[in-house]
Amino acid sequence: MRFAAIADVHGNHLALEAVIADIRVQGIDAIVNLGDMASSPLEAGRTMDALMALDAVHVLGNHDRCLIDRPPERMGSWDRPAYAQLNEKHLAWLRTIPPTRIFRDQVFLCHATPGNDDLYWLETVMPDGSVTLSALDAIEKEAEGILQSLVLCAHTHIARAVRLSDGRMVVNPGSVGVPGFSYNVPYPHLIEAGTPDARYAVLELVDGAWHVTFRHVPYDHEAMAALARRNGYPEFASALATGWVRAR
């Protein structure tokens, strides 16, 4: 078994196009998408059109859920501009997407953790704002009851693989569309990838063991940064342009 995992596209259609092209160059046909597809000040409609046309297995992210479970006035700053670009066809499609799925019997798919689409799993935010690898026992607790040998998650935009003590793997492929952001829960902190590249992962089962390859794909990130800047999101623009979060 060999397939690609994408996640956290967040309306960045140019990054998505570059990643899909790279996946095809690898000779990979099967794709799973771990959610957070549209929300951002970028190109939500074009991105949703591309994802809906893609032959992939999708799960719903927390930002996807926010687009369909509340009125626009209660949406966050990433969701409101995306919602304004979406039509009922997009929203109806999102309503059909489940929060978790099992892929080919051997892979468990979720957006953040198996039980909550809005919690960090492989990372922990410390009171001083530093972001560290979560403790193994905490990671394993969230994986209780999952029988599949590979578990895929997203949400933190950090590409990472963790081997559990029983041999299972938990993998975050990183973010296709947003290499950095700031957030204030549970403490103010930054997520920064350090490069503006689009990210995804290739997963392959060989002789009973999972092999993980993280891929960084260059694309026209300056065009997306310029769009975010024009739309009044300087911090977002900085992350897209550099992989670092700087409001300027």
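This chain uses plain numbering: 1 for the first residue, then up along the sequence. Heavy-atom basis, side chains included; hydrogens, waters and symmetry copies ignored.
Contact annotation: the side chain of Leu94 approaches that of Met37 to within less than 4.5 Å [non-hydrogen atoms, C-beta and beyond]. For the pair Leu152/Leu109, a side-chain contact is recorded, criterion being any heavy-atom separation below 4.5 Å from C-beta on. Residues Leu147 and Phe108 form no side-chain contact, since every pair of their non-hydrogen atoms from C-beta on lies 4.5 Å or further apart. By the 4.5 Å heavy-atom criterion applied to side chains, Thr47 and Leu16 are counted as neighbours. Counting heavy atoms from C-beta on, the side chains of Met169 and Val162 never come closer than 4.5 Å. You'll find the side chain of Arg2 stays beyond 4.5 Å of the side chain of His211, heavy atoms only. Residues Thr113 and His155 form no side-chain contact, since every pair of their non-hydrogen atoms from C-beta on lies 4.5 Å or further apart.
Between His10 and Trp78, the angle of the ring planes goes over 60°, which puts this pair in the perpendicular group of the 30/60° scheme.
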- Apply side chain to side chain donor-acceptor pair (under 3.5 Å) to the pair Ser238 and Trp244, showing each step before the final yes or no. CA-CA 6 Å; Ser238 170; Trp244 303 92; over 6 Å; no

- Query: When you look at Thr156 and Arg160, which way does the side chain to side chain donor-acceptor pair (under 3.5 Å) test go after all the steps?
  - Reply: CA-CA 10 Å; Thr156 63; Arg160 193 188 293 279; over 6 Å; no

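Comment: Glu88 engages Arg95 in a salt bridge, judged by a side-chain N to carboxylate O separation of less than 4.0 angstrom. Between Glu140 and Arg168 there is no salt bridge, since no side-chain N of the basic residue sits under 4.0 Å from a carboxylate O of the acidic one. Under 4.0 Å is where a charged nitrogen must lie from a carboxylate oxygen, and between Asp69 and Arg74 no such pair does.
Under a cut-off of 6.0 angstrom, the local environment of CG in Asp128 is crowded, with over 12 non-hydrogen atoms contributed by other residues, nucleotides or ligands. Other residues, nucleotides and ligands contribute over 12 non-hydrogen atoms within 6.0 Å of the CG atom of Asp166.
The ring pair (Phe, Tyr, Trp, His ring centres under 6.0 Å) check on His90 picks up nothing, with sequence neighbours excluded.
When ring centroids are compared, Trp93 and His58 come within the 6.0 Å threshold. Note: Phe3 and Phe103 meet the aromatic proximity criterion, with ring centroids under 6.0 Å apart.
A donor-acceptor distance shorter than 3.5 angstrom exists from the side chain of Asn231 to the backbone of Pro41, with no hydrogens or angles considered. Judged by distance alone, the side chain of Asn184 and the main-chain N or O of Tyr187 form no donor-acceptor pair under 3.5 Å.
Rounding to the nearest 0.5 Å places OG of Ser39 at 8.0 Å from CG of Asn62.
Residues Val206 and Trp210 do not share a hydrophobic cluster, defined by chaining ILVMFWY side chains whose heavy atoms lie under 4.5 Å apart.
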